[in-house]
Amino acid sequence: MKGTFPIEQFRQLKTPFYYYDTELLRQTLRVINAEAGKHEGFVVHYAIKANAHPKVLNVICQAGLGADCVSGGEIQRCIETGFAPSKIVYAGVGKSDWEINLGLDKNIFCFNVESVAELEVINELAEKKGKIARICLRINPDVGAHTHAKITTGLAENKFGIAMSDMEAAIERASQMPNIQFIGLHFHIGSQILNMDDFAALCNRINDLQTQLEKKHITIENINVGGGLGIDYHHPNRLPIADFKAYFDTYARFLKLRQGQKLHFELGRAVVAQMGTLIARTLYIKEGTAKKFLIVDAGMTDLIRPALYQAYHKIENISSEEPTETYDVVGPICESSDVFAKSTDVNKAHRGDLIAFRSAGAYGEIMASQYNCRELPKGYITEDL
């Protein structure tokens, strides 16, 4: 089964481009709000790094989600598209002074702090402005996730976060700083996680850490568990919306929230991946000795995930209903890694056919580059066509 697209409108557009199905996005957001809303104290932020297209952000903002940012540019983009600063959290291991100052000037909800060195700089900059910076400390829970090695972030030794063994000392240091208000703990174990046991393991670790802190009379106002929920890249038509019920229910079941505690989530991929598709045009069908190459005008500059992570994206020839043939689907970039898929079955392709790379709404357009002096792909939402 293929996806349903406005093909006639697509034919009028310059390829490659991204298409965002805003009806699916709104359906997804309704499910998120319904499932999170069943549980007291659950607060959902959208991870801007997944997709920062302004029109997409506007839809997400209208649904009431907060924002999770990892750069000053993302903070600016959020505010421009309507997110309230009071719903913005800001993480990242390398916050520069101007980015911290921006967060302070805009009075964002909090900084997710990843080292004591960073904590000291935030305190210093806040003091110069006569402000109090609200912070959560990002703790590495040493919980492994069943996902790709390059998107696992919760192990003990990692560039992200503070080791559990240093947690109490970091909290004590924060409490001594006059321009810092410690308001919680932040965790994130990785991305594209489909096994709910991984999230249950994180809950158990947080429960232990909370008990440990309470013995020292340290109470936590906010727990932020990051995001990480994955989507079904193989079946975007059959399973267009991630299993948010199982995700939120897992935290409700296993995490022992204290009275009045808020539980924050930072979902990215699961919000936007399925509603996005990269559309390319077939340039050539090249007959090799033992295989056929389907050469399209999109490349790793437009969608880098297959080259970077060996990631799978379902590929559909939306111009053809002919029987399938087996192709290596490749792009025009002068790199051997510019391959979308090898030995994949696609409806027989001809020059000019439109090829859809599905589940590309997350980490697609936002990671595009101009290598080989290529233009950046444009993004269109349903209402644009």
Side-chain angles (χ1 to χ4, degrees), residues 1-21 24 53 233-237 273-382 384-385:
M1 181 177 69
K2 292 185 186 179
T4 302
F5 298 102
I7 297 176
E8 290 306 315
Q9 290 92 323
F10 282 1
R11 289 195 175 109
Q12 308 306 313
L13 298 174
K14 180 180 179 181
T15 52
F17 64 87
Y18 278 89
Y19 170 69
Y20 301 121
D21 182 346
L24 177 56
H53 190 285
Y233 281 95
H234 290 268
H235 304 102
N237 303 312
Q274 295 290 41
M275 63 97 191
T277 303
L278 174 64
I279 302 295
R281 208 171 242 108
T282 302
L283 296 174
Y284 307 104
I285 304 300
K286 176 181 174 181
E287 297 278 353
T289 303
K291 60 175 64 178
K292 291 182 180 179
F293 294 90
L294 197 170
I295 304 172
V296 297
D297 60 0
M300 61 189 289
T301 52
D302 308 292
L303 179 62
I304 198 173
R305 296 185 71 255
L308 186 62
Y309 300 135
Q310 297 75 54
Y312 172 86
H313 286 267
K314 183 177 177 64
I315 299 173
E316 299 172 347
N317 182 349
I318 60 175
S319 297
S320 172
E321 294 297 336
E322 295 184 58
T324 62
E325 294 191 351
T326 303
Y327 301 97
D328 280 13
V329 182
V330 302
I333 309 303
C334 290
E335 298 286 344
S336 297
S337 56
D338 187 31
V339 177
F340 290 108
K342 293 185 176 182
S343 300
T344 192
D345 291 337
V346 178
N347 293 92
K348 184 174 181 178
H350 306 272
R351 176 174 167 81
D353 282 357
L354 294 174
I355 306 299
F357 298 86
R358 303 298 305 282
S359 311
Y363 308 109
E365 181 186 0
I366 192 67
M367 294 182 78
S369 77
Q370 293 184 288
Y371 182 46
N372 288 180
C373 294
R374 287 169 58 84
E375 291 183 18
L376 292 173
K378 290 187 177 180
Y380 302 93
I381 65 171
T382 304
D384 291 330
L385 303 181

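Just one of I355, V330, L303, D328 meets the side chain to side chain contact (heavy atoms under 4.5 Å, CB included) condition when paired with F340; it is L303. Here the rule is side chain to side chain contact (heavy atoms under 4.5 Å, CB included) with P332, and of D297, N372, D338, V296 only D338 fits it.
The local environment of CD in E375 is sparse, with at most 12 non-hydrogen atoms from other residues, nucleotides or ligands closer than 6.0 Å.
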Stepwise side chain to side chain contact (heavy atoms under 4.5 Å, CB included) test for D345 and E325
CA-CA 5 Å; D345 291 337; E325 294 191 351; over 6 Å; no
Yes or no on side chain to side chain contact (heavy atoms under 4.5 Å, CB included) for Y19 and D21, after CA distance, side-chain angles and deciding distance?
CA-CA 7 Å; Y19 170 69; D21 182 346; 4.2 Å; yes
Report the C-alpha distance between N237 and K314 in whole Å, list the side-chain angles of each, state the deciding distance to 0.1 Å, and finish with yes or no for side chain to side chain contact (heavy atoms under 4.5 Å, CB included).
CA-CA 10 Å; N237 303 312; K314 183 177 177 64; 4.1 Å; yes
Taking it one step at a time, do E316 and V346 satisfy side chain to side chain contact (heavy atoms under 4.5 Å, CB included)?
CA-CA 6 Å; E316 299 172 347; V346 178; over 6 Å; no
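Under a 3.5 Å cut-off, the side chain of S359 and the backbone N or O of Q274 do not form any donor-acceptor pair. Of the possible donor and acceptor atoms, none in the side chain of K342 sits under 3.5 Å from a partner among the backbone N and O of Y327. In terms of modelled atom types and a separation under 3.5 Å, the side chain of R351 and the main chain of L283 share a donor-acceptor contact. In this structure a side-chain-to-backbone donor-acceptor pair under 3.5 Å is missing from S319 to D353. The backbone N or O of F357 sits nowhere less than 3.5 Å from a side-chain atom of H313 that would complete a donor-acceptor pair. In this structure a side-chain-to-backbone donor-acceptor pair under 3.5 Å is present from T382 to Y20.
Between the side chains of Y371 and E335, at least one donor N or O sits under 3.5 Å from an acceptor N or O.
Ionic pairing of D302 and R374 is present here: one or more N-O contacts between side-chain nitrogen and carboxylate oxygen are shorter than 4.0 angstrom. By the 4.0 Å N-to-carboxylate-O rule, K378 lies too far from E365 to be salt-bridged with it.
Contact check for T301 versus Q370: no side-chain heavy atoms found under the 4.5 Å cut-off. Contact annotation: the side chain of F5 approaches that of T277 to within less than 4.5 Å [non-hydrogen atoms, C-beta and beyond]. Residues K292 and T326 form no side-chain contact, since every pair of their non-hydrogen atoms from C-beta on lies 4.5 Å or further apart. Between M300 and S337, the closest side-chain pair of non-hydrogen atoms falls below 4.5 Å. At a threshold of 4.5 Å between non-hydrogen side-chain atoms, the residues I295 and I285 do not count as touching.
For the atom pair CE of M275 and CZ of R358, the computed distance is 12.5 Å after rounding to the nearest 0.5 Å. For the atom pair CD1 of I381 and NE2 of H53, the computed distance is 7.0 Å after rounding to the nearest 0.5 Å. Once rounded to the nearest 0.5 Å, the distance linking CD1 of I7 with CD1 of I318 reads 4.5 Å. Rounding to the nearest 0.5 Å gives a distance of 12.5 Å between CZ of R305 and OH of Y312.
The nearest pair of heavy atoms linking A298 to L278 is CB-CD2, 3.9 Å. The two atoms that bring L13 and R281 nearest to each other are O-NH1, 3.4 Å, heavy atoms only.
Annotation: F10 is in aromatic contact with F17 [ring centroid separation under 6.0 Å].
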